[in-house]
2 protein chains.
Amino acid sequence: MTYQLHYWPTIQGRGEFVRLALEAAGAAYVDVAREPPSRGGGESNLGRRLGDPDNPRPSFAPPFLVDGDIVVGQTAAILLYLGPRLGLAGVGEADGLWTHQLQLTIADCVAEAHDTHHPLSTGLYYEDQREAALARARAFREERIPKFLNWFETVLKRNPSGDLHLVGDVLTYADLSLFQLVAGLRYAFPKAAVRALADTPAVAKLHANIGRRQRVHDYLRSPRRIAFNEDGIFRAYPELDG
Amino acid sequence: MTYQLHYWPTIQGRGEFVRLALEAAGAAYVDVAREPPSRGGGESNLGRRLGDPDNPRPSFAPPFLVDGDIVVGQTAAILLYLGPRLGLAGVGEADGLWTHQLQLTIADCVAEAHDTHHPLSTGLYYEDQREAALARARAFREERIPKFLNWFETVLKRNPSGDLHLVGDVLTYADLSLFQLVAGLRYAFPKAAVRALADTPAVAKLHANIGRRQRVHDYLRSPRRIAFNEDGIFRAYPELDG
């Protein structure tokens, strides 16, 4: 079965957490909006599908995943669905739940990273909320990045199976998502991220290890990996890095 | 088995979504931090448990739920765990997943509601970020509340089993959480909520119906229901209601 991922075609964004899971598992998938318009690609087709009046279970926003009759939206719910199918959710109910709890905490940090450049409204340009962005970014850099990364460091250090993975001694989508979170923080807040990672060596090591896994390594160097850019969640605005 | 809920003892907050599910199902539970300190209650005991160095799977923040050997944090993950056990998750994998997707979208709106009074930093007082709060609250009132409630209206209207429930024709934790979201919006943004609910009659009807269910009705009038207040997520600051 080929999975269909529907997400904005020009950014990593929240869709990237799903792309990474599919890529790391070697799953067959189509990143539909990145296909030519003649094959259903492009933002207008994505918007049309999102607004399809015949869909009884529409998603609030991209990404959403189609797998036969199943249509599921919300990044964490997509990973909850894919996890056991791709062998990326740990073993058993307790580990699956813990993997999901980790993912939801990563999602909280991702949402906060987004709000550093859009603290007042997603309907305003960054330039029109820059003063508030400076204040929000400072709190994010000084309080939130260390708090989140220290928590993940604690989780790794307390893992009875060792600190190479967040859940047991197997790769899960939480590991992949933490890799992506760290990659995003390093892009958007290079100075703050380096400082925080100096205090969280297990997180830094996980990030390096995941990036060296063969399939992830190949994906990151392929044209399928969209480069970070200033339309996405993680944006390199130097003034927000202090 | 008596569930143990661990959450701040003086606010509804995110814990209220768990309390509502437990109450609506008539489940046996202890709201631990609201017990006397001699029985493990109080904020200091909550903080101690959160920081317990022997817990291999600590939560990032309250709420967390203890059920025997299982400890699970993150509101949506707690509900994912409780849903099938309390008969509040729909029937089968697809409905369980859809229930969770709805919950995650409710959680997104709840996080945005929180940020109307803390748009710059959770580490600053409201009074010190009031100007930014006015701007963020305006965007939330004018754009986000209608967008979220219209989406839930669409979900209800397209439900093939009728518009009394979000998932099929059974009560789920998503219904209870939408009830709580609407209750919170009506408390914090009475004028904006009334306007939005006038355009979303199925959402308004669901809110009224859930509040009339016997167990929910009894809970809401019991001392177990903490009143909304200005330490919680939904805060009645009239200036933020426009």
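Residue numbers begin at 1 in each chain, while the letters A, B, ... track the order of the sequences.
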When heavy-atom pairs shorter than 4.5 Å are enumerated against chain A, which of B:Ala111, B:Ala76, B:Ala139, B:Gly73 gives the highest number? B:Gly73
Heavy-atom pairs under 4.5 Å with chain B, option from A:Val72, A:Val71, A:Val155 with the top count: A:Val72
Show the nearest heavy-atom pair for residues B:Pro62 and B:Leu46, with the distance to one decimal. CG-CD2, 4.1 Å
I need the B:Leu166 CG to B:Phe152 CZ distance, nearest 0.5 Å. 7.0 Å
Taking every heavy atom of B:Ala25 against every heavy atom of B:Leu86, the minimum-distance pair comes out as CB-CB, 3.7 Å
Are the side chains of B:Leu164 and B:Leu206 in contact, using a 4.5 Å heavy-atom criterion? no
Among A:Pro119, A:Ala94, A:Ala77, which has the most heavy-atom pairs under 4.5 Å with chain B? A:Pro119
Using non-hydrogen atoms only, which part of B:Phe148 is less than 4.5 Å away from chain A: side chain, backbone, both, or neither? both
Partners meeting ring pair (Phe, Tyr, Trp, His ring centres under 6.0 Å) with A:Phe234 (sequence neighbours left out): none
Close side-chain approach of A:Leu104 to B:Leu104, heavy-atom, < 4.5 Å: yes
Which donor-acceptor pairs lie under 3.5 Å between chain B and chain A?
residue	atom	partner	partner atom	Å
B:Asp52	O	A:Arg158	NH1	3.1
B:Asn55	O	A:Arg158	NH1	2.8
B:Arg57	NH1	A:Asp95	OD1	3.1
B:Arg57	NH2	A:Asp95	OD1	2.8
B:Pro58	O	A:Trp151	NE1	3.4
B:Ser59	OG	A:Gln101	NE2	3.3
B:Gly73	N	A:Gln101	OE1	2.9
B:Gln74	NE2	A:Thr105	OG1	3.0
B:Gln74	NE2	A:Asp108	OD2	3.0
B:Arg85	NH1	A:Glu93	OE2	3.1
B:Arg85	NH2	A:Glu93	OE1	2.9
B:Arg85	NH2	A:Glu93	OE2	3.1
B:Glu93	OE1	A:Arg85	NH2	2.9
B:Glu93	OE2	A:Arg85	NH1	3.1
B:Glu93	OE2	A:Arg85	NH2	3.1
B:Asp95	OD1	A:Arg57	NH1	3.1
B:Asp95	OD1	A:Arg57	NH2	2.8
B:His100	NE2	A:His100	NE2	2.7
B:Gln101	OE1	A:Gly73	N	2.9
B:Gln101	NE2	A:Ser59	OG	3.3
B:Thr105	OG1	A:Gln74	NE2	3.0
B:Asp108	OD2	A:Gln74	NE2	3.0
B:Asp115	OD2	A:Arg136	NH1	3.3
B:Asp115	OD2	A:Arg136	NH2	3.4
B:Pro119	O	A:Arg136	NH1	2.9
B:Arg136	NH1	A:Asp115	OD2	3.2
B:Arg136	NH1	A:Pro119	O	2.9
B:Arg136	NH2	A:Asp115	OD2	3.4
B:Trp151	NE1	A:Pro58	O	3.4
B:Arg158	NH1	A:Asp52	O	3.2
B:Arg158	NH1	A:Asn55	O	2.8

Suppose we screen for ring pair (Phe, Tyr, Trp, His ring centres under 6.0 Å). Which residues come up paired with A:Phe17, at least two apart in sequence or across chains? none
Of all heavy-atom pairs between A:Val170 and A:Gly90, which one has the smallest distance, and what is that distance? CG2-CA, 4.1 Å
Go through the atoms of B:Ile70 and report whether side chain, backbone, both or neither lie under 4.5 Å from a heavy atom of chain A. side chain
